Amino acid sequence: MRDDFISSDRGLSGAERELLRSFAGAVIPASAEYGAPGADDEAIAADIVESATGSAGEVAPSLAALDALSRDRQGAGFATLDAAGRLAVAEAFRGAHRELAAPLIALVAQCYYRDERVMASLGMEPRPPYPDGFELEQGDWSLLDPVRRRERLYR
């Protein structure tokens, strides 16, 4: 092993990329009703893999735990399961390994909701929020009154 190797320099292997794509599809499947692609769509999955590459040292243990859980429960690797099997293992993974599942789920959601097709299916203009910003309805500012009445907090 090289002495100057940093864990973030390690990319995802082909098997890890396929596993991540399969997991993404289980977390957010395609919706014909809303005309939205699943997170395992080719373009979205490529964005997920690209985003995960910088933190492959952190993502790889989560993927390994997911695949190990799949082999324990289903007798097969996660990527080889059908949709129902993947969903069952993904839910079990989230329950049994919350600390490992949370970053993967966040990564999938982040990349999914920045896809233009997904934004359009939600009725949102596919653009970044700045510089134009989005209009927000004015809320009830009196909800902040208990916070304003609190004593000041200093660290």
Side-chain angles (χ1 to χ4, degrees), residues 1-134 136-137 139 143 147 155:
M1 186 171 196
R2 294 179 6 211
D3 289 337
D4 61 340
F5 183 78
I6 300 172
S7 65
S8 64
D9 289 343
R10 175 192 179 284
L12 294 174
S13 70
E16 289 170 330
R17 288 192 297 271
E18 183 58 32
L19 182 55
L20 183 55
R21 182 179 183 161
S22 300
F23 179 73
V27 171
I28 305 177
S31 171
E33 180 181 350
Y34 296 106
D40 58 348
D41 173 81
E42 188 174 326
I44 296 171
D47 186 26
I48 293 170
V49 168
E50 177 67 28
S51 297
T53 300
S55 58
E58 298 166 8
V59 171
S62 296
L63 293 174
L66 172 67
D67 205 42
L69 181 66
S70 176
R71 291 179 193 285
D72 289 346
R73 290 184 174 248
Q74 302 282 335
F78 186 83
T80 63
L81 299 176
D82 64 3
R86 287 178 182 174
L87 180 60
V89 172
E91 288 176 352
F93 178 63
R94 192 182 93 211
H97 301 285
R98 189 170 298 279
E99 69 286 347
L100 294 173
L104 286 182
I105 294 169
L107 174 67
V108 168
Q110 173 189 3
C111 295
Y112 181 77
Y113 287 106
R114 67 182 172 207
D115 185 80
E116 290 183 0
R117 297 165 296 164
V118 174
M119 296 292 288
S121 75
L122 294 171
M124 297 180 74
E125 187 179 344
R127 64 171 178 80
Y130 294 99
D132 298 333
F134 288 108
L136 297 176
E137 292 182 31
L143 294 173
V147 176
R155 290 184 131 173

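Excluded from the calculations below are hydrogen atoms, water molecules and symmetry mates; all remaining heavy atoms, backbone and side chain alike, are included. Every value quoted in this text rests on a predicted model; they were computed, and no experiment measured them.
- Arg73 pairs by the side chain to side chain donor-acceptor pair (under 3.5 Å) definition with nothing, not counting sequence neighbours.
- Residues in residues 25-45 take part in these side-chain hydrogen bond (donor to acceptor under 3.5 Å, both in side chains) pairs, two or more places apart or across chains: Asp41-Arg117.
- In terms of heavy atoms, Ala101 sits closest to Arg94 at CB-CA, 3.8 Å.
- Nearest heavy-atom pair across Ser121 and Gly35 is CB-O, 4.3 Å.
- Taking the six-membered ring where the residue is Trp, Phe78 and Phe23 present tilted rings, their angle falling between 30° and 60°.
- Met119 and Glu125 get closest at one heavy-atom pair: CE-O, 4.1 Å.
- With values rounded to the nearest 0.5 angstrom, Ile28 atom CD1 is found 8.0 Å from Ile44 atom CD1.
- Atoms CG and CD1, on Leu12 and Ile48 in that order, are 11.5 Å from each other to the nearest 0.5 Å.
- Residues Val49 and Arg17 share a closest heavy-atom pair of CG1-CD, 3.3 Å.
- From Gln110, atom CD reaches atom CD1 of Ile105 across 14.0 Å, with rounding to the nearest 0.5 Å.
- Of all heavy-atom pairs spanning Glu16 and Leu63, the tightest one is O-CD1, 3.6 Å.
- Asp115 CG to Asp47 CG: the interatomic distance, rounded to the nearest 0.5 Å, is 8.0 Å.
- For the atom pair CG of Asp67 and CD of Glu18, the computed distance is 11.0 Å after rounding to the nearest 0.5 Å.
- Heavy atoms only, all atoms of each residue included: Ala92 and Leu69 are closest at C-CD2, 3.8 Å.
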Margin query: Leu104 vs Phe93, test: side-chain contact (heavy atoms from CB on, under 4.5 Å). Steps then yes/no.
Written below: CA-CA 11 Å; Leu104 286 182; Phe93 178 63; 4.1 Å; yes

